[in-house]
Amino acid sequence: MDIEEEKIGEKPLNFLEKIIEDDLKNNRVPDNKIVTRFPPEPNGYLHIGHIKSICINFGLAQKYGGVCHLRLDDTNPTKEDVEYIDSIKEDIHWLGFDWGKEEYYASDYYQQLYEIAVQLIKDGKAYVDSLSPEQMREYRGTLTEKGKNSPDRDRSIEENLRLFQEMKEGKLKEGAYTLRAKIDMSSPNINMRDPALYRIKFASHPRTGDKWCIYPMYDYTHPISDAIEGITHSICTLEFEDHRPAYDWATAIDGIDHAPHQYEFSRLNINYMLMSKRRLLNLVNLELVTGWDDPRMPTVSGVRRRGYSPESMKDFVSRVGVAKTEGVVDYSLLEFCVREDLNKKATRIMAILDPIKIVIDNYPEDKIEYFAAVDNPEDPQSATHQMPFSREVYIEREDFMEVPPRKYHRLYPGNEIRLKYTYYITATSFEKDENGQVSVVHCTYDPESFGGDTPDKRKVRGTSHWVSVKHAVDAEVRLYDKLFISEYPGGETGNYIDDLNPESLIVVNHAMVEPYSSEAKVGDYLQFIRNGYFCCDNKDHSDKHPVFNRTVTLKDSWAKMKKKMGI
RNA sequence: UGGGAUAUAGUGUAAUGGUAACACUGUAGAUUCUGGUUCUGCCUUUGGGGGUUCGAAUCCCUCUAUCCCAGCCA
């Protein structure tokens, strides 16, 4: 294969890949081994936005034969919890990535970080400040005005050392003192106006317990953690661009001999979705959803419970690409990726969500026949399973109309359709209940059409899925839809709660499902033929009480046509 | 004149001085025992204005728009 040929069909490189290939080519990477890291703060559940970051960091390491560390950025014990650490690990594994032994915690570096801070003080590059939070804000200046030096800025090294020691020993009150870097209060970049390095917090840490009452800040901890771990490419989102000078400041501290570089990409936004931990937490706290793993949540645990496959999520992220432009990805791309993957994987099942009873008058009363149904028509090697058929079957209420509109080619009086895999039936009459709703449709079948085809090769326009009345399995089906009805939740009123979709969950208590569904278990991908993709709910599903979640609908061109025709 | 960043079809992403492209969406049709899938066609793109050049999405100047930053959060 020549070079030109090799390039055909190759994905173009994103800007991070270009940087890495350039670094590799110019021998700027120690041992030619790139090291990335995924550094979540364990203060919430991972969401789709994190999937992008995970795929970038683990993906880059994979592609270039490097490694990706998992580092829990646990420097704020008042917000963090082990519950989150566990879910984070589970989510990454679910996506199919593994950090192996490379599991780190920023808190593991507390001692080193402390020693470096002492050195900084000795070098006159950090000082203990007694400004209150309010004062500090005043001294910091504004976006357009320079800040001014704290009165404590020129405190003697001895005094600084003593006070920092007292901070560490818990002798000083929370909020009373901080350790600050001595950089430049007149910097146009606010992050460089003597950023706080340490604050006092009398909080017990999930991992270090009560050993420390001073905790290091992000701008100090993160770059040094990267340096300690030998990270080569430290990749984060755009909002940290302004912090890069602080990052470079920290990695340039005397004694730190490895200087990683920070690169920023734009975070993932999807319309009709919220992607901020704070707001997601709010939905959970207000009980507007059932929890972090509610299938309507954009969390990893939520989409997993919804039935999205890890492959589809990775494909989605890869189609979105990596760049520095901020944008909003269409929800439809997400759905496309999910459908495309599930179409290949899902076992086809017949399920009637809104049943209407069909009585085939000329079919023997007690007769039962079995027909082979293909598990997955996309797979030429697919197995089949048997479906029992009898005189009375359910079809979808939508599949019968007393007075059909134009282009409707399903069942209506006098029309012939096919019951998938079985026979052609023709509607002869129907009954209505006291509400005027059609309750039973009487049909005749053509015994010649056994198996779904006739010797005379006549065509029918419609094929319905069905479930034998006497064999139907009762199941709960949860029809999920978008959590928000507006493209930008809260965009109009400023309050995203106003844009919650009242129909984001519709529960069908008694769907009629074919018996084969009893074999479905949590983790299986199903397609309810002509209805959509479904999965077993990973919390509530059981043999006794089957619960199926709708992952995504099938594309529905008939619905589109109806809309166009104004029906 | 605070600082930092970004502008390519409706959306996302390519094209690094040589015919603006891919995917999604939308739309028209073919195929189909899922109105699914598959296949085919079509629509629509370089923020504005100058300049350099035989030639500009790409280089220069300028304007505009949008995003981020004033936590002892990350």
Side-chain angles (χ1 to χ4, degrees), chain A residues 11-14 39-41 43 73-76 78-80 106 129 131-133 136-138 140-147 174-180 187-193 195-201 214-215 217-219 221-222 236-245 264 266 268 271 277-278 319-337 339-340 343-344 348 350 374 377-378 407-410 417-422 424 451-453 459-465 527-532 553-562:
Chain A
K11 267 198 93 174
L13 300 180
N14 65 48
E41 183 192 12
N43 68 343
D73 220 340
D74 55 349
T75 55
N76 188 353
T78 56
K79 287 190 177 172
E80 296 152 8
D129 199 353
L131 250 32
S132 69
M136 204 185 271
R137 196 179 315 128
E138 283 169 33
R140 186 158 37 228
T142 69
L143 293 176
T144 51
E145 297 161 54
K146 293 175 177 179
E174 211 170 291
Y177 291 89
T178 53
L179 181 73
R180 289 231 256 168
S187 170
N189 182 343
I190 288 192
N191 299 305
M192 297 300 271
R193 316 236 260 233
L197 266 24
Y198 271 92
R199 75 285 217 195
I200 300 169
K201 271 181 193 285
I214 52 171
Y215 291 96
M217 301 285 291
Y218 171 87
D219 274 339
T221 311
H222 198 84
C236 60
T237 43
L238 250 30
E239 67 268 29
F240 291 100
E241 237 159 359
D242 285 348
H243 292 253
R244 199 180 332 128
E264 310 86 8
S266 61
L268 176 61
N271 52 14
K277 276 191 208 172
R278 205 192 90 250
R319 283 172 189 266
V320 166
V322 182
K324 285 176 79 97
T325 54
E326 297 169 272
V328 183
V329 175
D330 266 334
Y331 191 90
S332 63
L333 181 65
L334 217 203
E335 292 200 321
F336 168 82
C337 293
R339 287 189 185 113
E340 185 181 59
N343 178 47
K344 289 183 292 193
R348 270 60 170 178
M350 296 210 206
V374 181
E378 298 299 310
K407 292 191 178 171
Y408 185 85
H409 43 252
R410 303 181 187 181
I417 63 160
R418 170 168 41 228
L419 290 179
K420 194 173 170 73
Y421 299 128
T422 62
Y424 286 9
D453 275 309
K459 299 281 184 198
V460 285
R461 299 293 301 277
T463 298
S464 278
H465 59 289
Q527 184 196 101
F528 288 178
I529 291 178
R530 300 211 298 138
N531 267 315
T553 59
L554 253 28
K555 250 169 60 179
D556 191 350
S557 56
W558 171 237
K560 254 181 211 167
M561 189 177 294
K562 279 196 291 187

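Given the structure is predicted, the values throughout are model-derived calculations rather than measurements. As a basis for the values below, the full set of heavy atoms in this structure was taken, side chains included, without hydrogen atoms, waters or symmetry mates. Within every chain, numbering begins at 1; the chains are lettered A, B, ... in the order of the sequence lines, protein sequences first and strands thereafter.
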Length of the line joining A/Leu13:CG and B/U16:P, which is rounded to integer Å
11 Å

Answer with base, sugar-phosphate or nothing: what part of the nucleic acid does A/Leu419 contact at a heavy-atom distance below 4.0 Å?
nothing

Carboxylate-amine/guanidinium contact A/Glu264 A/Arg244, below 4.0 Å
yes

Scan A/Asp453 against the nucleic acid and name what it touches under 4.0 Å (heavy atoms): base, sugar-phosphate only, or nothing.
base

Counting only side-chain heavy atoms from C-beta out, which of B/A5, B/A70, B/G12 sits nearest to A/Val320?
B/G12

Would you classify B/G48 as syn or anti? Syn applies when the glycosidic angle is within 90° of 0.
anti

Chi angles and distances behind the salt bridge (charged side-chain N to carboxylate O under 4.0 Å, His left out) call for A/Glu41, A/Lys79
CA-CA 9 Å; A/Glu41 183 192 12; A/Lys79 287 190 177 172; over 6 Å; no

Pick base, sugar-phosphate or nothing for A/Thr325, based on heavy-atom distances below 4.0 Å to the nucleic acid.
sugar-phosphate

Between OH on residue A/Tyr424 and OG1 on residue A/Thr463, distance to nearest 0.5 Å
7.5 Å

In this structure, how many angstroms lie between the C1' atom of B/A74 and the CD atom of A/Glu41, rounded?
5 Å

Remember a base hit wins even if backbone is also touched, and classify A/Phe240 as base, sugar-phosphate or nothing at under 4.0 Å, heavy atoms.
base

Return the polar atom pairs (N/O with N/O) between nucleotides 34-38 of chain B and the protein under 3.5 Å, or none.
residue : atom : partner  : partner atom : Å
B/U34   : O2   : A/Gln527 : OE1          : 3.0
B/U34   : O2   : A/Arg530 : N            : 3.0
B/U34   : N3   : A/Gln527 : OE1          : 2.6
B/U34   : O4   : A/Arg348 : NE           : 2.6
B/U34   : O4   : A/Arg348 : NH2          : 3.0
B/G35   : OP1  : A/Arg530 : NE           : 3.3
B/G35   : OP1  : A/Arg530 : NH1          : 2.6
B/G35   : O3'  : A/Ser557 : OG           : 2.9
B/G35   : O2'  : A/Ser557 : OG           : 3.3
B/G35   : O2'  : A/Trp558 : N            : 3.3
B/G35   : N7   : A/Arg410 : NE           : 2.9
B/G35   : N7   : A/Arg410 : NH2          : 2.8
B/G35   : O6   : A/His409 : N            : 3.1
B/G35   : N1   : A/Lys407 : O            : 3.0
B/G35   : N1   : A/His409 : NE2          : 3.3
B/G36   : OP1  : A/Ser557 : OG           : 2.9
B/G36   : N2   : A/Glu378 : OE2          : 2.8
B/U37   : O2'  : A/Asn343 : ND2          : 3.4
B/U37   : O2'  : A/Glu378 : OE1          : 3.2
B/U37   : O2'  : A/Glu378 : OE2          : 3.3

Checking B/G2, B/G71, B/C73 against the side chain of A/Arg140 (C-beta onward), the nearest is B/G71

Whole-Å distance separating the CG atom of A/Leu268 from the C1' atom of B/U13
13 Å

Round to the nearest Å and state the distance from A/Asn76 atom CG to B/C73 atom C1'.
6 Å

According to the Watson-Crick and G-U wobble definition with distances under 3.5 Å, which dot-bracket string, read 5' to 3', encodes RNA chain B, using [ ] for crossing pairs and | for pairs with another strand?
.((((((..((((....[..)))).(((((.......)))))....(((((..]....))))))))))).....

Picking from B/G3, B/U25, B/C73, the nucleotide nearest the side-chain atoms of A/Met217 would be B/C73

Against the side chain of A/Phe336, the closest entry in B/G71, B/A74, B/U25 is B/U25

Of the nucleotides B/C69, B/G10, B/C73, which has the atom closest to the A/Asp330 side chain?
B/G10

A/Pro133 near the nucleic acid: base, sugar-phosphate alone, or nothing, with a heavy-atom cut-off under 4.0 Å?
base

When all nucleic acid strands are considered with a 4.0 Å heavy-atom cut-off, which category describes A/Ser132: base, sugar-phosphate, or nothing?
base

Go through B/A14, B/G3, B/C24 for me and flag the one nearest to the A/Ser332 side chain.
B/C24

Whole angstroms only, please: what is the CG-C1' distance between A/Asn43 and B/C73?
9 Å

Within the structure shown, what part of the strands sits under 4.0 Å from A/Leu238 by heavy-atom distance: base, sugar-phosphate, or nothing?
nothing

Kindly point out which of B/C24, B/C69, B/A74 is positioned nearest to the side chain of A/Leu333?
B/C24

How close or far is atom C1' of B/C69 from atom CG of A/Asn189, stated in whole angstroms?
8 Å

Heavy atoms under 4.0 Å, any strand shown: does A/Asp242 hit a base, just sugar-phosphate, or nothing?
base

